[in-house]
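Take a look at the structure set out below.
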2 protein chains.
Amino acid sequence: MPYKVNISVLVADDHPLLLKGLYDELSANGYTMVGMAKDGMEALELIIKHQPTIAFLDIDMPYLTGLEVIRTAKDKGIATHFIILSFLKDETYISQAKALQISGYLLKEDTAETIYKCIEKVMAGETFFSPSFNSESLQQVSLEFLKLKKLTPSELTILKLISKEKSNAAIAESLYISIRTVEKHRSNIIAKLELENNPNSLTIWAIQNKSLIKDIT
Amino acid sequence: MPYKVNISVLVADDHPLLLKGLYDELSANGYTMVGMAKDGMEALELIIKHQPTIAFLDIDMPYLTGLEVIRTAKDKGIATHFIILSFLKDETYISQAKALQISGYLLKEDTAETIYKCIEKVMAGETFFSPSFNSESLQQVSLEFLKLKKLTPSELTILKLISKEKSNAAIAESLYISIRTVEKHRSNIIAKLELENNPNSLTIWAIQNKSLIKDIT
DNA sequence: TGCAAAATAAGTAGGGCTACCCATTATCTA
DNA sequence: TAGATAATGGGTAGCCCTACTTATTTTGCA
């Protein structure tokens, strides 16, 4: 474990207060701060210039998302350890982050102690995910996710249209298929998602899970 | 305009870094800080105890949401000016906030300068909404709100049940009235909300605006 | 190439939501 | 107290969604 002062850190977040809070916290604790960035573009520039040991990145930033910054930096062979700092407990982001082989994923609700623990683990070559991630709700999301993956491409197409409040008639028209076919797909979707036998259960589910559906391929 | 030191401020947020950042920022700028709370329960206790001039509250906190804290505090006749500080540019939250007659609504992407401007306005008796909200969407929300206010008590009761995914039959049963009455109310609600003539438009609207409906009285 | 899965679609039936009509009773307020 | 508003509910009709069944064609993969 190197001295803290030999660990250079960059923080990037488009929320000024949080950015300042994190910067001051780490700075006061002896880490060498190489900069703070208020958007993805700034973050990428500073990372290329300083090649910090560790970079904390928000996901949702102007110009470039944190994930895009990581992808670009890694493409350039930069060896920085990346830690995502997001306020979203979003399953799809997690899987993307894992795909990019990032070092850690923290939530903004995590305490400073958790952040230090994360840095320790990362410097030891391990990965660290926020302890909040073992919650039931996330497993629930994963469950819904698994069910969604059972859908065939056509079913998915139709589900997306349902989530956009299209009626069967409208869906049939836009896909150049019969209403009966749409109805059949709906039935199959309902079965695969294991929805209750209530009126409009599929419509309701689709609208409630709109953001989940949007990102499925 | 009173001296800053005579303005007592409380901050509440379940994101430790942001909480610390905001506290330090305001503190360093001469405001009298009466405390920081990491959840809604703590926030409410401190507000009741200290009755600060201004309270900054996050919406999404453990135990009690910021909006619930405000509702409870106002019920107790506490004269604190409430400013919401949220990550979310969610229109329904805005509506709820307006329903509670809060003093300001800031986003976490706002700068410290914006926060000070907000405090100024609030101390001058005005309200302040984050510049990130375009006036269009604010007006849109106000419009929806006005429409909702046209509903009679019975219509509102039924709308709340619709937003909980109850069918007409279930609503009729729970209110001990005829399904036909429920249907009649639905028709009237649709007319008052000026919904499009699409299948299930009311069900969809109710679910999408669930959080808005919840707080109307 | 041939089989399995997926996509297509129709028949029949039933239940839910909505519109437009109507009427009665209750409640509140000027 | 009278008139307006709200709440109650029936008739009829239409469209939409869903279930269960059956069947044909298309597609993808082994």
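Residue numbers start from 1 in every chain, and the chains themselves are labelled A, B, ... in the order their sequence lines are given, proteins ahead of strands.
One atom, CH2 of A:W205, and another, C1' of D:dT18, lie 18 Å apart when rounded to the nearest Å. Put simply, CD on B:E173 is 12 Å from P on C:dG16, counting in whole angstrom units. Counting to the nearest Å, the P atom of C:dA13 and the CG atom of A:N197 are 19 Å from each other. Distance CG (A:L151) to P (C:dA6): 11 Å, rounded to an integer number of Å. The interatomic distance linking A:I158 (CD1) with D:dC17 (C1') rounds to 14 Å, in whole Å. Across the protein-nucleic acid pair, A:K166 atom NZ and D:dC16 atom P stand 15 Å apart, rounded to whole Å. Spacing between atom CD1 of A:I204 and atom P of C:dG16 amounts to 13 Å, rounded to whole angstrom units. Distance, B:I190 CD1 to C:dC17 C1': 8 Å, rounded to whole Å.
A sub-4.0 Å separation between OP1 or OP2 of C:dC17 and a side-chain N or O of B:T203 is absent. Between A:S167 and D:dC16 there is no side-chain polar atom (N or O) within less than 4.0 angstrom of OP1 or OP2. B:T181 has no side-chain polar atom (N or O) that falls below the 4.0 Å cut-off from OP1 or OP2 of D:dT8. OP1 or OP2 of C:dC17 lies within a sub-4.0 Å distance of a side-chain N or O belonging to B:N168. The side chain of A:S178 contributes an N or O atom lying less than 4.0 Å from OP1 or OP2 of C:dA10. Close to D:dA7, at under 4.0 Å from its OP1 or OP2, lies a side-chain N or O of B:S154.
Each of C:dA7, D:dA6, D:dT18 was ranked by its minimum atom distance to the side chain of A:S187; first place goes to D:dT18. For B:H185, counting side-chain heavy atoms from C-beta on, the closest listed nucleotide (C:dT8, D:dT18, D:dA7) is D:dA7. When each of C:dT18, C:dA10, D:dA7 is scored by its nearest atom to the side-chain atoms of B:E183, the top-ranked nucleotide is C:dT18. Taking the side chain of A:R186 as heavy atoms from C-beta on, and the options D:dT18, C:dA19, C:dA10, the nearest nucleotide is D:dT18. In the set D:dA7, D:dT8, C:dT8, C:dT8 carries the atom at the smallest distance from any side-chain atom of A:I177. Out of D:dT21, D:dT8, D:dG10, the shortest distance to the side chain of A:K184 is found at D:dT21.
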**OP:** Could you please spell out the steps behind the side-chain contact (heavy atoms from CB on, under 4.5 Å) verdict for A:I70 and A:L57?
**Re:** CA-CA 9 Å; A:I70 295 172; A:L57 300 177; 3.6 Å; yes

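When the options A:R180, A:H185, A:R186 are evaluated for a side-chain hydrogen bond (donor to acceptor under 3.5 Å, both in side chains) with A:E183, the one that passes is A:R180.
Salt bridge status for B:K166 with B:E173: absent, with no side-chain N to carboxylate O gap under 4.0 Å.
Residue-to-nucleotide contacts include a donor-acceptor pair under 3.5 Å from the side chain of B:R180 to the base of D:dT12.
Here A:L202 lies in heavy-atom contact (under 4.0 Å) with sugar-phosphate atoms only. Nucleic acid contact class of B:I179 (heavy atoms, under 4.0 Å, all strands): none. A:S201 comes within 4.0 angstrom of the backbone, heavy atoms only, and of no base.
Each of B:N200 and B:L175 lies near DNA chain D, and the nucleotide nearest B:L175 is the one positioned closer to the 5' end.
We find the OG1-NZ distance between A:T111 and A:K117 to be 8.5 Å, quoted to the nearest 0.5 Å. Atom-to-atom distance recorded for B:N188:CG and B:E155:CD is 5.0 Å, nearest 0.5 angstrom. To the nearest 0.5 Å, atoms CZ (B:F82) and CD1 (B:I102) are separated by 10.0 Å.
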